[in-house]
Amino acid sequence: MKNAPVHCIVLAAGQGTRMKSALPKVLHPLGGRPMLARVLDTAHALGAVAIHVVHGHGGEQVRQWFAQAYPQDRSVRWVVQAQQRGTAHAVLQAMPDIPDDATVVVLYGDVPLVRPQTLRPLLDAGRRTLAVLTAELDDPSGYGRILRNKAGAVMGIVEDKDANARQKRIREVNTGFIAAPAQRLRGWLGQVRNDNAKGEYYLTDVVALAVKDRLRVATVTAEDAVEVEGVNDRAQLARLERIFQLRQAEALLREGIALADPARFDLRGTLIAGRDVFIDVGCVFEGRVELGDGVHIGPYCVLRDVRLGAGTRVEAHSVLDDATAGNDCRIGPFARLRPQTVLADAVHIGNFVEVKKVRMGRGSKANHLAYLGDGDVGADVNIGAGTIFCNYDGANKHLTVIEDEVFIGSDTQLVAPVRIGKGATVGAGSTITQDVPPGGLTLCRAREQKTYPHWRRPRKR
């Protein structure tokens, strides 16, 4: 039925013992997101009206993760498989909640790279008959083999452990993905037996049952066998991670982004970039990152939820988190921008400078060894090495305000709340506990703080 509602069943009940982890296997990340999240995205892309997640081991953790990650999603339904008795048994647990007029697509929570465009032909074929997604492998070891007659029609699937020597030479394998009319699938599942080497109820046995009912089983071949690779241990997960990252890198290269080495690049979110952007080796991008034209990212940087204006450079080993920078800024090396940092155009944040929840005006600089936290800094301000915004009193955070054209000497502590007036100069080694008036020189190197109102700052020749 062309307009039959689509119901996806996601098998996610495996214990994942080979992962050697307390985290359920389907929650292990690929590209910065749990594998199950990527599978759910695929199910939504297929137009599923309901997604039935069959879980067992670690099911409570899986449900807690989902409730936090998708609080508004009402399409997912949870199905418990208390005993792992095979894939057919797992699918059968979800069938009571699926109407007879639906088309069912079976997905796997530990097979995260399969694309919707690969599964759509399977879904279309599965509206009329049983459809199986297959792949051609040079080494089919471990996979069930597709059995065909001389005319090429599918007759059944034999699991690797049950295959004879001739059958083991077959290179066309079953990927596990199937689609079928719900009413038909329900009937076949009820007939599956467990007389096999493992004593389990195999979903693959529905193929022979469909043939017995004189249905022609449809097959769709995955163009790229990597799509249907599953994850059973950390080595397989690492392999798929690199494949996933290389695909993303190749897509970005085609969009015009220059990557020093696509094999040393990690994108765990979304990257939007303008023209002539360069990214050096070992960089990690998380969340949503936007880079303007001509942005240069040095080696081994981490950017998370960041927006950088045109011409900005981030030098090596810098970490930027939930920060915004305007055009032509210079950040790093070894700089850290923490959440709610906003830099206007042409701001310089140098080596070993940490900035948190500070707005910095155009042309301002903090080039060496400083901590700026909870502040509002004007334009053309120079903050010397070793300067600290003392923003925390042990219970509350307080604001430091520095007006335009202020010069803060090295090794200065600004004890918030405090305001430094426009054009003021604070001498090196001062601890400022009171507001500083505009202009003049303020020093606090002994017991008292003193202002010289008629002092004039040295000028460059």
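Computed from a predicted model, the values in this text were never measured in an experiment. Below, each value reflects all heavy atoms present in this structure, side chains not excepted, and no hydrogens, waters or symmetry copies.
The main-chain N or O of Leu133 is found under 3.5 Å from a side-chain atom of Thr175 such that the two form a donor-acceptor pair. When atom types are taken as modelled, the side chain of Arg85 and the backbone of Ala82 share no donor-acceptor pair closer than 3.5 angstrom. Put simply, the side chain of Glu229 never gets that close to the backbone of Val111: no donor and acceptor are under 3.5 Å apart. With hydrogens and angles ignored, the 3.5 Å screen pairs a side-chain donor or acceptor of Thr312 with a backbone N or O of Gly326. Under a 3.5 Å cut-off, the side chain of Arg313 and the backbone N or O of Val295 do not form any donor-acceptor pair. Checking side-chain atoms of Lys397 against main-chain N and O of Asp374 turns up no donor-acceptor pair under 3.5 Å. Without hydrogens or angle criteria, Asn327 side chain to Ala310 main chain gives a donor-acceptor distance under 3.5 Å. With Tyr108 contributing its side chain and Gly176 its backbone, the two residues share a donor-acceptor pair below 3.5 Å. Distance alone, capped at 3.5 Å, places no donor-acceptor pair between the Thr451 side chain and the Pro453 backbone.
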Self-check item: Test side-chain contact (heavy atoms from CB on, under 4.5 Å) applied to Tyr70 and Val76, step by step
Solution: CA-CA 10 Å; Tyr70 299 92; Val76 172; over 6 Å; no
Practice problem: Go through the steps to decide whether Glu290 and Arg288 satisfy the test salt bridge (charged side-chain N to carboxylate O under 4.0 Å, His left out), and finish with yes or no. | Solution: CA-CA 7 Å; Glu290 299 180 28; Arg288 182 180 176 88; 3.0 Å; yes
Quiz prompt | Verdict with reasoning, Arg362 to Asp345, per salt bridge (charged side-chain N to carboxylate O under 4.0 Å, His left out) | solution = CA-CA 5 Å; Arg362 180 183 178 88; Asp345 295 345; 3.3 Å; yes
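The two residues Phe265 and Leu252 make their nearest non-hydrogen contact at CZ-CD1, 3.3 Å. Across every non-hydrogen atom of Ser318 and Gly332, the tightest pair is OG-CA, 3.4 Å. Closest of all the heavy-atom pairs between Ala12 and Val26 is CB-CG1, 3.9 Å. The two atoms that bring Gly126 and Ala131 nearest to each other are N-CB, 3.8 Å, heavy atoms only. Between Ala260 and Asp280, the shortest heavy-atom distance links the atoms CB-OD1, 3.5 Å. The heavy-atom pair separating Ala13 from His55 by the smallest distance is CB-C, 3.7 Å.
Thr341 meets the side-chain contact (heavy atoms from CB on, under 4.5 Å) test with Ala323, Leu337, Leu343, Val355; sequence neighbours excluded. Remark: Asp322 pairs with no residue by the salt bridge (charged side-chain N to carboxylate O under 4.0 Å, His left out) rule, at least two apart or across chains. Every residue two or more places apart in sequence or in another chain that forms a side-chain contact (heavy atoms from CB on, under 4.5 Å) with Thr221 is listed here: Thr134. Partners of Arg115 by salt bridge (charged side-chain N to carboxylate O under 4.0 Å, His left out), not counting sequence neighbours, listed by chain and number: Glu227. Here Arg336 pairs with Glu354 under the salt bridge (charged side-chain N to carboxylate O under 4.0 Å, His left out) rule; sequence neighbours left out. Annotation: side-chain contact (heavy atoms from CB on, under 4.5 Å) contacts of Val49 (sequence neighbours excluded): Pro5, His7. By the salt bridge (charged side-chain N to carboxylate O under 4.0 Å, His left out) test, Arg419 is found to be paired with Glu403, residues two or more places apart in sequence or in another chain being considered.
Other residues, nucleotides and ligands contribute at most 12 non-hydrogen atoms within 6.0 Å of the NZ atom of Lys365. More than 12 heavy atoms of other shown residues, nucleotides or ligands fall within 6.0 angstrom of atom CD in Gln84. Remark: Arg307 CZ is loosely packed, at most 12 non-hydrogen atoms of other residues, nucleotides or ligands lying under 6.0 Å away. Within 6.0 Å of atom CZ in Arg359, 12 or fewer heavy atoms from other residues, nucleotides or ligands are found, so the atom counts as exposed in its surroundings.
For the pair Ile9 and Val105, the minimum side-chain heavy-atom distance is 4.5 Å or more. In this structure, Leu267 and Val289 have side chains that are not in contact, with every pair of non-hydrogen atoms separated by 4.5 Å or more. Annotation: side chain of Thr431 is in contact with side chain of Thr433 (closest heavy-atom distance under 4.5 Å). Put simply, the side chain of Gln340 does not reach to within 4.5 Å of the side chain of Thr324, judged on heavy atoms. Taking the side chain as every heavy atom from C-beta outward, Leu189 and Leu203 approach each other to under 4.5 Å. The shortest side-chain heavy-atom distance between Leu259 and Leu253 falls under the 4.5 Å cut-off. Looking at Leu308 and Cys329, their side chains never come closer than 4.5 Å, going by heavy atoms from C-beta outward. No side-chain heavy atom of Arg38 sits less than 4.5 Å from a side-chain heavy atom of Met35.
Distance OG1/Thr400 to CD/Gln413: 12.0 Å, rounded to 0.5 Å. Atom CZ in Arg242 sits 13.0 Å away from atom CZ in Arg247 (nearest 0.5 Å). Taking CD1 from Ile178 and CG from Leu123, the interatomic distance works out to 12.5 Å, rounded to the nearest 0.5 Å. Of the inter-residue distances, the one linking Phe177 atom CZ with Leu122 atom CG reads 9.0 Å to the nearest 0.5 angstrom. Separating the CG atom in Asp435 from the CD1 atom in Ile420 is a distance of 7.0 Å, to the nearest 0.5 Å. The CD1 atom of Ile432 sits 6.0 Å away from atom OG1 of Thr442, with the distance rounded to the nearest 0.5 Å.
Every pair tested for side chain to side chain donor-acceptor pair (under 3.5 Å) that includes a residue from residues 375-389 fails, sequence neighbours excluded, so the list is empty. Within the structure, the ring-ring contact (aromatic ring centres under 6.0 Å, His included) test picks out no pair touching residues 223-251 (sequence neighbours left out). Listed by first then second residue, pairs satisfying ring-ring contact (aromatic ring centres under 6.0 Å, His included) with a partner in residues 348-406 read Phe334-Phe352, not counting sequence neighbours.
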Do any side-chain atoms of residues 93-100 form donor-acceptor pairs under 3.5 angstrom with protein atoms, and if so which ones, sequence neighbours left out?
residue, atom, partner, partner atom, Å
Gln93, NE2, His89, O, 2.8
Gln93, NE2, His89, NE2, 3.2
Asp97, OD2, Arg77, NH1, 3.2
Asp100, OD1, Arg186, NE, 3.2
Asp100, OD1, Arg186, NH2, 2.7

Without placing hydrogens or testing angles, list every side-chain donor-acceptor pair under 3.5 Å for residues 296-304, not counting sequence neighbours.
residue, atom, partner, partner atom, Å
Arg304, NE, Glu286, OE1, 2.7
Arg304, NH1, Asp321, OD2, 3.2
Arg304, NH2, Glu286, OE1, 3.2

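Side-chain contact annotation: Arg457 with Thr425, donor-acceptor N/O pair under 3.5 Å present. Under the 3.5 Å distance criterion, with hydrogens and angles disregarded, a donor-acceptor pair is assigned to the side chains of Gln245 and Gln248.
Of the listed residues (Leu30, Val62, Asp110, Leu107), just one forms a side-chain contact (heavy atoms from CB on, under 4.5 Å) with Leu36, and that residue is Val62.
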